[in-house]
Protein chains: 2
Amino acid sequence: MSPYDPSAFPPFAVTVDLVVLTVRRHALCTLAVRRGEPPFQGRWALPGGFVRPDEDLAGAAARELVEETGLCVQDPGTPAPAPGTGAHLEQLATYGDPKRDPRMRVVSVAHLVLAPDLPAPRAGGDANSARWAPVETLLGPEGEASALAFDHAQILADGVERARSKIEYSSLATAFCPPEFTVGELRRVYEAVWAVALDPRNFHRKVTGTPGFLVPTGGTTTRQGGRPAQLFRAGGATLLNPPMLRPEV
Amino acid sequence: MSPYDPSAFPPFAVTVDLVVLTVRRHALCTLAVRRGEPPFQGRWALPGGFVRPDEDLAGAAARELVEETGLCVQDPGTPAPAPGTGAHLEQLATYGDPKRDPRMRVVSVAHLVLAPDLPAPRAGGDANSARWAPVETLLGPEGEASALAFDHAQILADGVERARSKIEYSSLATAFCPPEFTVGELRRVYEAVWAVALDPRNFHRKVTGTPGFLVPTGGTTTRQGGRPAQLFRAGGATLLNPPMLRPEV
DNA sequence: AGTGTTTATCGTCAGGAAGACGACTATGAT
DNA sequence: ATCATAGTCGTCTTCCTGACGATAAACACT
């Protein structure tokens with residue numbers, strides 16, 4: 001058989017699933033929707049849906065994101081024209097185990113979205129309920145009652161690990177922040193994503209000393225209490241060199 | 001419409017494509033096959049083929065790899081039982097632009113394979129010709145006559161970039177080496193993949209000083225000429241911390 | 001007004017890692 | 001014997017980080 005015979009191919013369903021991460025109340029949270037139908041009816045799952053015949057994968061992911069959250073995505077691939085605006089979206093990995101969906105053969109292209117803290121999930125489309133859940137809860141002990149549907153626990157774990165490692169060597173952590181933010185707010189993002197405590201003084205030295213990472217806006221804020229802090233925007237740099245080091249243990 | 005209605009979904013063809021990288025004569029090379037039929041007849045392309053209804057994505061990639069090269073893959077996920085044996089395989093990314101194949105909607109899950117230098121590509125299966133080509137050649141100037149079919153130039157570029165960055169912080173470079181190798185051979189792998197020159201003394205200090213990276217076998221070899229060099233096997237460590245630094249510029 | 005608390009920011013110091021590079025060693029080739 | 005080639009061990013300087021002291025500027029009390 002020809003490896004590219006277009007007339008005889010096994011048909012697959014292709015979906016996109018979304019790992020939408022944000023930082024809420026010092027914890028890394030993800031968007032979960034409750035399934036309204038079998039299989040896994042009533043269980044939590046990652047948002048997602050079928051790819052349409054005429055859209056590409058990133059487009060399908062962006063569409064699902066708007067439908068579920070109202071969030072707009074910075075043009076993928078293009079360096080953000082207005083850093084801090086909108087969310088970051090990237091492809092995560094593809095999951096295609098023959099048995100991952102009991103009904104049929106579904107290949108799901110998972111995407112990772114990093115978003116600033118949002119007011120509240122609007123249950124758009126057909127999702128009759130949606131919520132931000134701490135990833136600790138969803139990935140907690142094995143066999144948890146709150147376990148995610150399908151292989152979504154694995155997808156979420158992969159997405160979280162991707163985010164954890166990517167903020168080491170890129171400026172992506174700013175995607176969790178509003179357009180203007182303080183060094184302390186950025187530090188709390190790192191602390192939430194890595195679930196560690198960082199030294200405020202060394203962190204400040206590191207981020208302000210990395211060229212192109214942060215651009216001072218001139219303003220200050222006191223919204224965190226304490227001494228007023230300088231406000232920054234994300235700079236043009238996307239890669240951190242040397243990287244931010246994740247503490248051991 | 002329900003996002004998971006199994007009865008009405010747009011059918012896609014799902015394929016795997018392989019970026020098989022190796023180091024030959026101090027150059028990073030990839031496996032290319034010549035297409036025997038339209039579209040892109042006579043052009044070079046990455047090896048690949050349809051995913052079968054009952055196999056998972058990594059399994060399809062491993063099967064295609066055996067068909068094309070005879071190469072066996074270490075059980076993916078499992079830490080290599082015999083490091084240096086077989087090839088490393090991992091998922092790279094998924095390409096699903098609606099127009100990427102002019103005939104039909106094809107979503108391709110690209111995989112990356114790192115292999116030691118192999119004798120010669122055996123044109124297995126139906127590939128009437130296959131060769132190792134330096135990635136420089138295939139990715140050279142835009143609009144080259146030798147350009148790859150479909151979006152395979154993009155896939156290859158992504159695979160090369162993945163390999164280049166992954167040998168920074170992992171011990172994956174040993175996947176390009178035979179089971180036993182010298183520090184100099186490993187250094188030449190880094191030099192070929194990164195296309196840079198590295199200081200032999202600092203490189204030696206770095207790799208021998210990283211716990212778990214290299215295990216001396218006791219033997220020595222002189223196959224490179226010059227003073228006999230110690231032979232090593234890949235150690236159990238998979239992550240390099242701190243990473244190997246890629247020289248700037 | 002004064003005191004404590006919180007957060008931000010600057011500075012100092014010691015230790016580790018890396019780049020540059022000198023020196024020596026052990027082979028084969030001429 | 002001499003040279004060329006590769007491998008291996010050291011040294012020195014520089015940069016970065018982690019640990020942590022000290023000061024600054026706001027707010028909440030009393």
Side-chain angles (χ1 to χ4, degrees), chain A residues 25-26 167-169 177 180-192 194 196-233 237 239-249, chain B residues 25-26 167-169 177 180-192 194 196-233 237 239-249:
Chain A
R25 280 177 284 121
H26 292 207
I167 64 173
E168 288 186 33
Y169 58 88
C177 295
E180 294 199 347
F181 54 88
T182 69
V183 172
E185 289 166 345
L186 184 61
R187 174 168 50 81
R188 281 181 281 275
V189 164
Y190 275 91
E191 292 178 332
W194 285 343
V196 296
L198 299 175
D199 185 289
R201 297 157 292 188
N202 293 336
F203 183 86
H204 189 277
R205 177 182 61 192
K206 173 69 178 172
V207 296
T208 57
T210 299
F213 191 6
L214 299 183
V215 177
T217 65
T220 61
T221 183
T222 181
R223 61 184 167 227
Q224 299 296 328
R227 170 176 164 180
Q230 271 191 88
L231 284 169
F232 295 87
R233 286 183 297 102
L239 256 43
L240 264 39
N241 203 322
M244 182 87 59
L245 292 184
R246 181 168 11 174
E248 341 249 326
V249 181
Chain B
R25 283 178 281 118
H26 293 206
I167 64 174
E168 287 185 35
Y169 58 89
C177 294
E180 294 200 346
F181 54 89
T182 69
V183 172
E185 290 166 345
L186 184 61
R187 174 168 49 82
R188 281 181 283 275
V189 164
Y190 275 92
E191 292 179 331
W194 285 344
V196 296
L198 299 175
D199 185 289
R201 298 156 291 189
N202 292 337
F203 183 86
H204 188 278
R205 177 183 60 194
K206 172 69 177 173
V207 296
T208 58
T210 299
F213 191 7
L214 300 182
V215 178
T217 65
T220 62
T221 183
T222 180
R223 63 183 167 226
Q224 299 295 331
R227 170 175 164 181
Q230 270 190 91
L231 284 170
F232 295 87
R233 286 184 297 102
L239 257 43
L240 264 38
N241 203 320
M244 182 87 59
L245 293 184
R246 182 171 6 178
E248 341 249 324
V249 182

Student: Between atom CD in B/Q230 and atom C1' in C/dA26, what is the gap in whole Å?
Tutor: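 Rounded to whole Å, this separation is 13 Å.
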
Student: Please give, in whole Å, the distance from D/dT17 P to B/N241 CG?
Tutor: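 Taking atom P of D/dT17 as the reference, CG of B/N241 is at 13 Å.
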
Student: Specify the separation, in whole Å, of atom CZ of A/R187 and atom P of C/dT6.
Tutor: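 That distance rounds to 14 Å.
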
Student: Applying salt bridge (Lys or Arg N to Asp or Glu O under 4.0 Å), name anything that partners B/R246, two or more places apart in sequence or on another chain.
Tutor: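 B/E161, B/E168.
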
Student: Between C1' on C/dT5 and CD on A/Q224, what's the gap in Å once rounded to a whole number?
Tutor: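 Rounding to the nearest Å, CD of A/Q224 and C1' of C/dT5 are 15 Å apart.
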
Student: I'd like to check the salt bridge (Lys or Arg N to Asp or Glu O under 4.0 Å) partners of A/R187; sequence neighbours left out, ordered by chain and number.
Tutor: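 Here the qualifying residues are A/E191.
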
Student: Residues two or more places apart in sequence or in another chain: which of them pass ring-ring contact (aromatic ring centres under 6.0 Å, His included) with B/Y190?
Tutor: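 Checked B/Y190 against ring-ring contact (aromatic ring centres under 6.0 Å, His included); matches are B/W194, B/F203.
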
Student: Please confirm whether any donor atom in the side chain of B/R201 sits under 3.5 Å from an acceptor in the base of D/dG10, or the reverse.
Tutor: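 Donor-acceptor pair under 3.5 Å: no.
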
Student: With sequence neighbours excluded, what pairs up with B/N241 under the side chain to side chain donor-acceptor pair (under 3.5 Å) test?
Tutor: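 Expected list: none.
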
Student: Please give, in whole Å, the distance from D/dA19 C1' to A/F203 CZ?
Tutor: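 One finds 17 Å between C1' of D/dA19 and CZ of A/F203, rounded.
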
Student: To the nearest angstrom, how far is B/L186 atom CG from D/dA6 atom C1'?
Tutor: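 Result: 15 Å.
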
Student: What string of B, S and - do you get for nucleotides 24-30 of chain D, 5' to 3', if B is base contact, S is sugar-phosphate-only contact and - is no contact with any protein heavy atom under 4.0 Å?
Tutor: BBS----

Student: Which whole-number value in Å describes the distance from B/D199 CG to D/dT8 C1'?
Tutor: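 Taking atom C1' of D/dT8 as the reference, CG of B/D199 is at 12 Å.
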
Student: Rounded to the nearest Å, what distance is computed from the CD atom of residue A/E248 to the P atom of nucleotide D/dT17?
Tutor: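 One finds 14 Å between P of D/dT17 and CD of A/E248, rounded.
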
Student: Would you give me the side-chain donor-acceptor pairs under 3.5 Å for residues 225-232 of chain B, sequence neighbours excluded?
Tutor:
none

Student: Applying the side-chain contact (heavy atoms from CB on, under 4.5 Å) test to B/T182, which of B/T221, B/T220, B/T222 qualifies?
Tutor: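 Filter result, single survivor: B/T221.
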
Student: When you check every protein heavy atom under 4.0 Å of nucleotides 12-18 of chain C, what one-letter string (B, S, -) results, 5' to 3'?
Tutor: B----SB

Student: Could you list all the salt bridge (Lys or Arg N to Asp or Glu O under 4.0 Å) pairs where at least one residue sits in residues 206-221 of chain B, not counting sequence neighbours?
Tutor: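 Qualifying pairs, neighbours excluded: none.
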
Student: Applying side chain to side chain donor-acceptor pair (under 3.5 Å), can you list everything that pairs with B/R223, at least two apart in sequence or on another chain?
Tutor: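 Side chain to side chain donor-acceptor pair (under 3.5 Å) check on B/R223 returns B/E185.
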
Student: Just N and O in the side chain of A/R246: are any of them under 4.0 Å from OP1 or OP2 of D/dT17?
Tutor: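 Answer no for this pair, as no side-chain N or O of A/R246 is under 4.0 Å from OP1 or OP2.
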
Student: Do A/I167 and A/V189 have side chains that get closer than 4.5 Å, going by heavy atoms?
Tutor: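 Heavy-atom side-chain distance check fails, nothing below 4.5 Å.
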
Student: Check the phosphate of C/dT9 against A/H204, side-chain N and O only, distance under 4.0 Å to OP1 or OP2. Yes or no?
Tutor: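 Yes, A/H204 has a side-chain N/O under 4.0 Å of OP1/OP2 on C/dT9.
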
Student: Base, sugar-phosphate, or nothing: which does B/R188 touch, judged by heavy atoms less than 4.0 Å apart?
Tutor: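 Sugar-phosphate contact only - B/R188 comes under 4.0 Å of backbone atoms but never of a base.
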
